[in-house]
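Notes to accompany the following structure.
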Amino acid sequence: MKVFREYNFKTLPSPSLSTGKSWFRYFQFEEGRDSPSDARNCLLVIAALIAAVTFQAGVNPPGGVWQDTGDGHVAGRAIYAAQKIPFYFFLVSNTMALSSSIFVIVSLTHRFPFHFEIWVATVSMMFTYGASIFAITPRESVRFRFILMAAAAPLPLRLLIQILKWCKLKLSQ
């Protein structure tokens with residue numbers, strides 16, 4: 001016996017093909033039309049895709065790794081690391097994107113069955129990512145404390161946003 005979920009679909013007028021703005025409004029989240037469950041599922045898919053792409057980019061950096069030692073490079077180190085500033089920017093941005101997507105995944109799966117297992121898996125994935133970037137990055141080209149700060153940034157930023165919203169609410173009362 002199959003169980004189908006009933007949806008209350010409103011018939012929406014098709015967006016005009018002439019302007020991008022109407023397409024943008026058509027696909028935006030609308031509280032009366034879209035269920036929170038559907039929105040959460042959509043966000044989980046997007047966050048999982050971002051986590052997968054950023055994890056892979058950290059483990060296998062653009063340009064790959066040196067296969068041999070010589071001419072000033074060491075086997076197993078990122079080729080891209082020869083360009084210090086761009087590689088550093090890549091590492092910090094990629095790490096922030098990965099930790100933000102993991103933060104979203106953990107937040108949206110709070111109180112789900114197997115939530116503890118999700119925590120264990122995500123923490124393990126972050127340690128694997130950290131070990132990988134530590135292994136492929138030449139010590140002299142990166143300050144790892146900034147990468148750790150990038151990894152931790154999503155939580156304090158979310159807390160700051162929540163505090164500012166709370167302050168705005170209190171001031172408007």
query = Between I147 and F134, is a side chain to side chain contact (heavy atoms under 4.5 Å, CB included) present by the stated rule, with each step listed?
reply = CA-CA 10 Å; I147 295 172; F134 188 74; over 6 Å; no

request  = Please step through side chain to side chain contact (heavy atoms under 4.5 Å, CB included) for the pair R40 and L108, ending with a clear verdict.
outcome  = CA-CA 7 Å; R40 182 188 63 234; L108 292 175; 3.9 Å; yes

For the [atom1] atom of [X] and the [atom2] atom of [Y], what is their distance to the nearest 0.5 Å?
X	Y	atom1	atom2	value
Y129	T122	OH	OG1	15.0 Å
Q56	T54	CD	OG1	10.0 Å
L155	S99	CG	OG	10.0 Å
S124	W119	OG	CH2	12.0 Å
L171	L164	CG	CG	10.5 Å
T109	L44	OG1	CG	7.0 Å

Using every non-hydrogen atom in the two residues, find where [X] and [Y] come nearest and quote the distance to one decimal.
X	Y	value
S101	I50	CB-CG2, 3.8 Å
A57	F90	O-CZ, 3.5 Å
G58	S132	O-OG, 3.7 Å
A152	P156	O-CD, 2.8 Å
A151	T95	CB-CG2, 3.6 Å
R158	K165	NH1-NZ, 4.5 Å

request  = Dump the intermediate steps for side chain to side chain contact (heavy atoms under 4.5 Å, CB included) on L98 and M125, then the final yes or no.
outcome  = CA-CA 10 Å; L98 176 64; M125 187 170 79; 4.1 Å; yes

Under 4.5 Å between side-chain heavy atoms, counting indirect links through other Ile/Leu/Val/Met/Phe/Trp/Tyr residues: same cluster for [X] and [Y] or not?
X	Y	answer
V123	V120	no
V45	I102	no
F87	M149	yes
L159	F103	yes
M126	F146	yes

ask   = Any side-chain heavy atom of P61 within less than 4.5 Å of one from I136?
value =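 Counting from C-beta outward, P61 and I136 do come under 4.5 Å.
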
ask   = Which class fits the ring pair W66 and H73: parallel under 30°, tilted 30 to 60°, perpendicular over 60°?
value =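 W66 and H73: parallel rings.
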
Heavy atoms from other residues, nucleotides or ligands near CD of E31 exceed 12 (cutoff 6.0 Å) =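 No.
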
query = Near F112 CZ, under 6.0 Å, is it more than 12 heavy atoms from other residues, nucleotides or ligands?
reply =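 Counting other residues, nucleotides and ligands, CZ of F112 exceeds 12 neighbours.
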
request  = Go through the steps to decide whether D38 and C42 satisfy the test side chain to side chain contact (heavy atoms under 4.5 Å, CB included), and finish with yes or no.
outcome  = CA-CA 6 Å; D38 290 341; C42 182; over 6 Å; no

